[in-house]
Amino acid sequence: MASIALSISFFVTLASLDTFQQSAGFPGALSTESYHYWMMTVALIVSIVCITNTMLIAVYERYREIGTMKCLGALDRHILMLFLSEAIIEGFIGGAAGLIFGLSLTSIYTVITSGFGALLSAPGHKLLALSLGSILLSLCLSLGGVLYPAYKASRLPPVEALRFEP
Amino acid sequence: MSLDIIIELEDLAKYYTIGGEVIKALDGVNLEIGRGEYLSIVGPSGSGKTTLFNLIGGLDRPTRGRVYIDGVDISRLDAYELAWLRCRKIGYIFQTFNLIPVLTALENVALPTVFAGVPRDEGLRKAEKLLTSVGLGDRLHHKPSELSAGQQQRVAIARAMANDPEIILADEPTGNLDLNTGMEIISLLQGLNKTRGMTLISATHDLKMIKASDRIVYIRDGRIERIERG
């Protein structure tokens, strides 16, 4: 969840900074058309690698739990749904935390450099679109990162999972 | 007297190949288990008890032979049908309880009902009733870490009964418990066997459990050594 929050906050910081700068009268001062996109992409790739790695460790640590659930009658799809549901919740919470953190950082920066006026005159629809977009992005990142580990968990033979000693 | 057979094992064998060497965990086991019977499986570590459990429970597939449950050869079942069998027909009790640590006692017991597609409220109501029947009516919302070992095993027993299975497979259920708690668990399982008519198959080293059973199957080196009446 921390990796999602960090990458989304980084993404929101870069994207919203441009919006605030333009409303303060510095069009193109920190254009997202330049190095911002590159940095955002790097942040998102790092995030997806972190999520996949974290979820693989989570699956490994929960081998016995998965084995127990299969003993109790869980189907592969139940295990898959369990991990995907967790990913959606973590993606949403991580995305919201990242959004709040990123927007706070940019707001503080904008107030210090350009005053309250720049903050208040920022276009609401752009910020709303950015907020919704970043939550959606964090959900996609989280689901994308968890797909392989969740599939791996769901296919575990119960006897192998039960035999596992952490 | 002819028994109503619920489980039949026919020339059951399971071999593992480890480092090029074939290990015969089970080698030609034949056994009939009657409905409502309380059977103890006794044998030294590595004798094949757990392998036998896994095969009866549909958790593993045999190298040779057949496991019939209610006349159905379970080696012919697909993954979906095996999951159905584990969910509705068999209840598992583990030595290490295997409760889900983040769930409360109530949620742990209700978990198999979720897999059986029982509506949530109905599952929780049933779980509450089962927990009350094992003497944990006042511990419904406690997490496993807040319960003693004996209480955790009671939760596991209630969970094993969640979908009213006909067969209970208990793998050393008193193995991690002290003498008195172990006695309580044995009485509880014996009571379930008698009152609900569940077939109870228990792997154990516990003499008190062995004495309480109808039949004792001694297993050694993957073969049945002898069978005694309890």
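Letters A, B, ... mirror the listed sequences (proteins, then strands); counts begin at 1.
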(request) Return yes when atom OH of B:Y16 has more than 12 non-hydrogen atoms of other residues, nucleotides or ligands closer than 6.0 Å, and no otherwise. (result) yes
(message) Using 0.5 Å steps for rounding, measure from the CG atom of B:D60 to the CZ atom of A:R163.
(response) 6.5 Å
(request) Side chain from CB out, backbone as N, CA, C, O: work out which of these in B:F94 comes under 4.5 Å of a heavy atom of chain A, or both, or neither. (result) side chain
(request) Answer yes or no: does atom OH of A:Y151 have more than 12 heavy-atom neighbours from other residues, nucleotides or ligands under 6.0 Å? (result) no
(message) Just verifying a value: how many Å separate A:C71 SG and B:N54 CG, rounded to the nearest 0.5 Å?
(response) 7.5 Å
(message) Quick check: closest heavy atoms across B:C87 and A:G73, and the distance to 0.1 Å?
(response) CB-CA, 3.6 Å
(request) Might you confirm whether atom CZ of B:R220 has over 12 heavy atoms from other residues, nucleotides or ligands at distances under 6.0 Å? (result) no
(request) Would you indicate whether A:F101, at its atom CZ, is surrounded by more than 12 heavy atoms from other residues, nucleotides or ligands within a distance under 6.0 Å? (result) no
(message) On a heavy-atom basis, which atom in A:A74 and which in B:A83 lie closest, and how many Å separate them?
(response) O-CB, 4.3 Å
(request) Would you mind checking which part of B:P165 comes under 4.5 Å of any heavy atom in chain A, side chain (CB onward), backbone (N, CA, C, O), both or neither? (result) neither
(message) Checking the side chain of A:R64 only, and the main-chain atoms of B:N98 only, is there a donor and an acceptor separated by less than 3.5 Å?
(response) no
(message) Tell me whether the count of non-hydrogen atoms from other residues, nucleotides or ligands lying under 6.0 Å of OH in B:Y80 goes above 12.
(response) no
(request) Under 4.5 Å heavy-atom distance to chain A, tell me which part of B:R159 shows up: side chain, backbone, both or neither. (result) side chain
(request) Would you name the heavy atoms of B:R86 and A:K70 that are closest together and state the gap between them? (result) NE-O, 2.9 Å
(message) Is it the case that over 12 heavy atoms from other parts of the model lie below 6.0 angstrom from the CG atom of B:D11?
(response) yes
(message) Which atoms of B:T50 are under 4.5 Å from chain A, going by heavy atoms: the side chain, the backbone, both sets, or neither?
(response) neither
(message) Looking at A:E160, I'd like to know if its CD atom is crowded, meaning that more than 12 non-hydrogen atoms belonging to other residues, nucleotides or ligands lie closer than 6.0 Å.
(response) no
(message) Looking at every non-hydrogen atom in both residues, tell me the closest pair between B:F115 and A:L72 and how far apart they are.
(response) CD1-O, 3.8 Å
